[in-house]
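Working notes for the structure below.
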Amino acid sequence: MRSDAACAHPAPTDEVIGLCQDLLRIDTTNTGDNDTSVGERRAAEYVAEKLAEVGIDSVLYESAPRRANLVARIPGADRTRPGLLVHGHLDVVPAEADEWSVHPFSGELRDGYLWGRGAIDMKDFDAMTLAVVRHWQRSGIRPPRDVVLAFTADEEAGSEYGAHFLVEHHPDLFAGCTEGIGEVGGFSYSVNENQRLYLIETAQKGIDWLRLHARGRPGHGSMVHDDNAVTALAAAVARVGQHRFPVVVTDTVRAFLLEVSEALGIELDPDDPETAIGKLGPIANLVGATIRNTANPTRLAAGYKDNVIPGRASATIDCRSLPGQSELLEQQLRGLVGPDIEIEYLQRQPALETTFDGALVEAISAALRAEDPGARPVPYMLSGGTDAKAFTRLGIRCFGFAPLRLPADLNFSALFHGIDERVPVDGLQFGVRVLDRFLRNC
Ligand SMILES: [Zn+2]
């Protein structure tokens, strides 16, 4: 009886379903505003409780009221080895309930999927991580080296109240960590029945969010007026928005194209990446923006009355730079907007790029191949940014590796921040097995 009871805990592949559902049901919407982004605290407390249940201590760090981060360190068998960081954010982007087939915070299980905002970005990985470490703790398993778990706030609005806060105010939490894994990578893309690419993120573009300011002479809307801030701004915005920046093939994109070319058995010329990416089908979306800098106007602000010419006008531009190109992008923009427009940086976080080699990459590849003999891990660059930007500041070499096996016909990239976000249950369970295996051999 006693030994039965001791072994009666659920398998991590079963437990992950309930853990993920519970997390999906906590509304952690990040509105970008501290007054309305209030759900992270409950999610962090939930994670703390699930860790405490099995005897793992964690500490909750609030960066602002209810903006909560949670960190725990699981001691490894060899404490002289550098630690591994496993990080996942708890916040999600907003969801409009009436656009969805299910309520976005229902965590409903339907047609083999768990539905809800955060199902793939990234409460799935948070749940997998919890399921694995709970299983270890109850079975007396220790990882080979220290594993630091970080569940963060605010990733969806630039991480100021999440990963950047932890890195700036509590860097000691990550002492000894040299490598890390988190979103957005490790998911499959089916080549055919026997072969799947698993995209491992080894690079990500930089974030260069900026505001353009135009100034002019204020005046009456009925007059002839040749110094209008709105006109000057609109012209600059149009030039930026219509500009196509030159193609630059980075090491990561070159490696990606060569690997994919071999796997798909089609000619993909890395020196003509636009044509190559055009042949890629659904993953083209994901990597299409990784061959050039981009600049998309996203907001406009000017004026306060229909018949008054305002003295100033501004526009926000969401720019993303390739590794090492942030300064060049600034020069390119300066050239486009001209000398009379002021450029103010709102956020500037550098691009990241590491190589696809070493023991950690081997452990990633081995874990994937053990659970899916048709797995082919390939490096790629993410056009967005993640918490890795913050953790890199501590010298941590970050990879996007949140393993997930996906059905061949699922348009995965469309589900990120999309309507009807959902994760296949068998994919989630596959992820638990891969993560468990990887972390035991990392
Ligand atoms: Zn995310």
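FYI, side chains are in, hydrogens and waters are out, and symmetry mates aren't considered; it's all heavy atoms of this structure. Counting starts at 1 for both ligands and their atoms, following the listed order.
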Inset, instruction - Take atom CZ of Arg79 as the centre, draw a 6.0 Å sphere, and report whether it contains more than 12 heavy atoms from other residues, nucleotides or ligands. - result: yes
Legend entry - Over 12 non-hydrogen atoms of neighbours within 6.0 angstrom of CD in Glu193: no
Legend entry - Stacked cation flag Arg25 on Phe105, 6.0 angstrom / 45 deg: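 No, a cation-pi geometry is absent between Arg25 and Phe105.
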Inset, instruction - With Arg433 as the cation and Phe430 as the aromatic partner, state whether NZ or CZ is under 6.0 Å from the six-membered ring centre and within 45° of the axis. - result: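 Because its charged atom misses either the 6.0 Å distance or the 45° angle limit, Arg433 does not stack over Phe430.
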So which N/O/S atom does [X] have closest to the Zn ion (ligand 1)?
X      : result
Glu183 : OE1
His89  : NE2
Asp121 : OD1

